[in-house]
Enquirer: 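Just passing along the structure, written as structure tokens.
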Amino acid sequence: MEPSQEQRLVAAAAEDDDAFRRLYDAYLPRVYAYVGYRVGPAEDVEDIVAEVFIKMARGLRRFDWRGPGSFSAWLFRIAHNEVAGHYRRMGSRASDVSLEALAEVGDNRPGANPTLESAGPAAIRELVRALPPRRQEVVLLKYFGGLRNSEIAAILGLDERTVASNLSRALDDLRRRWPETEGGEIR
Amino acid sequence: MKDSMDGNEGGELWPTDCATQALFAQLEVDAPQPSAAFSEQLYRRALAARTQRRSGSAVRRWLAGERAAHINGGIDVKRGVLALGMAVVLIAMLVVAAVPSARADVGDALAALRHLVLGDSTEVRQIEPLSGELPSGEYPWQMPAGTYWIVKTDVGTYGANVLPGEDDAVRTVQSLAEAEALAGARPLTPAELPDGYSLREVKVPPGPQPVFFQFYAGPGPDIVIVQTGVGKVAGESPDASEAVVVSTMTETVTEGTVEDVAFDGRPAAWIDGHTLKWEADGMTFDVGGLGLDLPTAMAIGRSLH
């Protein structure tokens, strides 16, 4: 969606049902994917996503457009806060298993680790969830939120260089363990 | 999934090698996605929440003591509202508290552990237990005497602000016919009740729409059925110079428990283990009792006619 188009849509969505619907349809899959990758059980994902969009709906009139990407940054900040609140209430962190721990469980070569044996949804989700929480956050906000490093930095309370570093390491981690690739090449 | 995966987002280079592209593709293909049913249900809830927010803001302003500004500042309000094709909007809110100390719309002031939207005008919030005093000025019962009504029941305290110039008295009668005469409408009554229960009294508070509290007495704790007309109706402004629309909504706030349940295909809430709440046909219903279980509450609710 072009920034100018999105700006008009966001402005109209506070009052216009059709604009609200288009905005909702555009962002629901992205927010759901972000939350889904970060939180396991589907019922938890649905509860969190519902809270995100209800807050979005309630806050639309207060939202202040500050340029391209600002709406996405605002929405994903809400999503980030809801996921963080979810884990806070559960008394646990977003990811209890590190990639390092995964590597210790089995052979680190692609295809040798049972978790990575099948390149299905479970495998990629396990890989993402096994990233250290900060790297997981950065890569998901970058990809599904389409956020700039500065916006991610603001959400996570980091500086931009740390975001860039975490993003780079997250991608390295994923590439290294993704069974479809080996050493950065397609198998 | 991301709008631009062209390798350059906002001046920040994305890796464009085949391995990363394959990874991104898989990330997107395998991304958890909402079901169609969930998408539609949430859309309706979000749309309702957006609409309610308009009312809610006005309610908070009104309850926070800016009522005069809201109503008497008719020029500004009217100008703003006319843009939407409506006249001045007055807001009345029935706020229900299912906790011993009466609560009202906590809005964003308190974190909601759970928030259910049961219809266009009905919400339930489960909040974290409060350690201190409630914020002042946002609750009908914190307003000056004569500007609100409350009804205390076994299952919570109910209250709402009254419209300017309106009587705040809650009338108590012993028959449905008397209640109908007071409110101009007859409450729905249950065809099914546990053995030994019968109508003891009906309380009828003031308001732009009929509200009834039916109390049924029997061998156990009272059974309370609360029926509230919700939504928008035409009303009169305090100085009768402008057409107004009065909007009524209900909200239950509890520190206890809230379960999301389905009741005859409608979203409903089972609150604190004793009260079933849902919205249907422009009305919000509460069926509660300290001795009720969910199946019994549903049976009573289903038998309302």
Side-chain angles (χ1 to χ4, degrees), chain A residues 1 13-15 17 20-21 24-25 28-30 32-37 42 45-47 49-51 53-61 68-69 72 85 89 119-125 128 139 142-151 164 171 174-175 178 180-186, chain B residues 1-5 9-15 17-57 80 83-85 107-108 111-117 123 125 128 260:
Chain A
M1 191 184 305
E15 301 293 345
D17 290 357
F20 184 80
R21 176 86 216 200
Y24 173 85
D25 287 344
L28 177 65
R30 295 167 63 174
Y32 196 97
Y34 165 76
V35 176
Y37 269 116
V45 175
E46 292 189 350
D47 283 349
V49 171
E51 200 61 36
F53 279 91
I54 285 169
K55 286 188 173 174
M56 179 200 85
R58 289 173 174 271
L60 264 178
R61 286 166 68 93
S72 184
R89 287 191 293 277
I124 189 78
R125 290 180 198 176
V128 171
V139 78
K142 189 76 177 175
Y143 187 73
F144 292 108
L147 306 187
R148 292 178 175 80
N149 289 358
S150 59
E151 293 164 339
L171 292 176
L174 292 171
R175 275 192 299 246
W178 176 237
E180 294 296 314
T181 69
E182 190 170 358
E185 300 296 330
I186 300 289
Chain B
M1 185 70 66
K2 199 171 78 59
D3 279 346
S4 58
M5 288 301 296
E9 171 66 19
E12 293 161 4
L13 290 175
W14 276 85
D17 58 279
C18 292
T20 306
Q21 291 301 312
L23 182 69
F24 284 158
Q26 199 64 42
L27 198 64
E28 180 157 344
V29 166
D30 294 338
Q33 286 299 297
S35 67
F38 171 75
S39 299
E40 281 309 304
Q41 186 187 35
L42 176 56
Y43 171 70
R44 289 195 298 273
R45 289 177 60 192
L47 196 63
R50 186 198 62 164
T51 306
Q52 285 170 351
R53 183 65 184 184
R54 293 179 207 157
S55 301
S57 298
L84 303 176
D108 299 326
L113 295 175
R114 196 171 181 83
H115 177 209
L116 300 183
V117 177
E123 292 186 31
R125 285 176 198 270
E128 293 182 5
D260 187 358

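Chain letters run A, B, ... following the sequence lines, proteins first, then strands; residues in each count from 1.
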Enquirer: On a heavy-atom basis, which atom in B:Phe38 and which in A:Ala50 lie closest, and how many Å separate them?
Expert: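 Here B:Phe38 and A:Ala50 meet closest at CZ-N, 4.4 Å.
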Enquirer: Rounded to the nearest 0.5 Å, what's the gap from CG on B:Leu116 to CD1 on A:Ile54? Could you check?
Expert: 8.5 Å
Enquirer: Can you sort out the partners of A:Ala164 under side chain to side chain contact (heavy atoms under 4.5 Å, CB included), two or more places apart, ordered by chain and number?
Expert: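 A:Ala164 satisfies side chain to side chain contact (heavy atoms under 4.5 Å, CB included) with A:Asn149 only.
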Enquirer: So what's closer than 4.5 Å to chain B heavy atoms on A:Tyr24: side chain, backbone, both or neither?
Expert: side chain
Enquirer: Is the closest side-chain heavy-atom distance between B:Leu42 and A:Glu46 below 4.5 Å?
Expert: no
Enquirer: Nearest 0.5 angstrom please: B:His115 NE2 to A:Asp47 CG, how far?
Expert: 12.5 Å
Enquirer: Considering only heavy atoms, which portion of A:Ala13 lies under 4.5 Å from any heavy atom of chain B: side chain, backbone, both, or neither?
Expert: backbone
Enquirer: If I measure from the heavy atoms of chain B, does A:Val49 come under 4.5 Å with its side chain, its backbone, both, or neither?
Expert: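 Contact with chain B is through both the backbone and side chain of A:Val49.
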Enquirer: What are the two closest heavy atoms between B:Ala46 and A:Phe20, and how far apart are they?
Expert: CB-CZ, 3.8 Å
Enquirer: Would you call the rings of A:Tyr143 and B:Phe24 parallel, tilted or perpendicular, taking 30° and 60° as the class edges?
Expert: parallel
Enquirer: Any donor-acceptor pair under 3.5 Å linking the side chain of A:Arg125 with the backbone of B:Asp30?
Expert: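 Flag set: sc A:Arg125 to bb B:Asp30 pair under 3.5 Å.
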Enquirer: Please name the pair of heavy atoms, one in A:Tyr32 and one in B:Pro32, separated by the smallest distance, quoted to 0.1 Å.
Expert: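 Taking every non-hydrogen atom into account, CD2-O, 3.3 Å.
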Enquirer: Is any side-chain heavy atom of B:Pro34 closer than 4.5 Å to a side-chain heavy atom of A:Leu28?
Expert: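 A side-chain contact under 4.5 Å exists here.
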Enquirer: Applying side chain to side chain donor-acceptor pair (under 3.5 Å), name anything that partners A:Asp25, two or more places apart in sequence or on another chain.
Expert: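 Counting only residues at least two positions away or on another chain, A:Asp25 forms a side chain to side chain donor-acceptor pair (under 3.5 Å) with A:Arg21.
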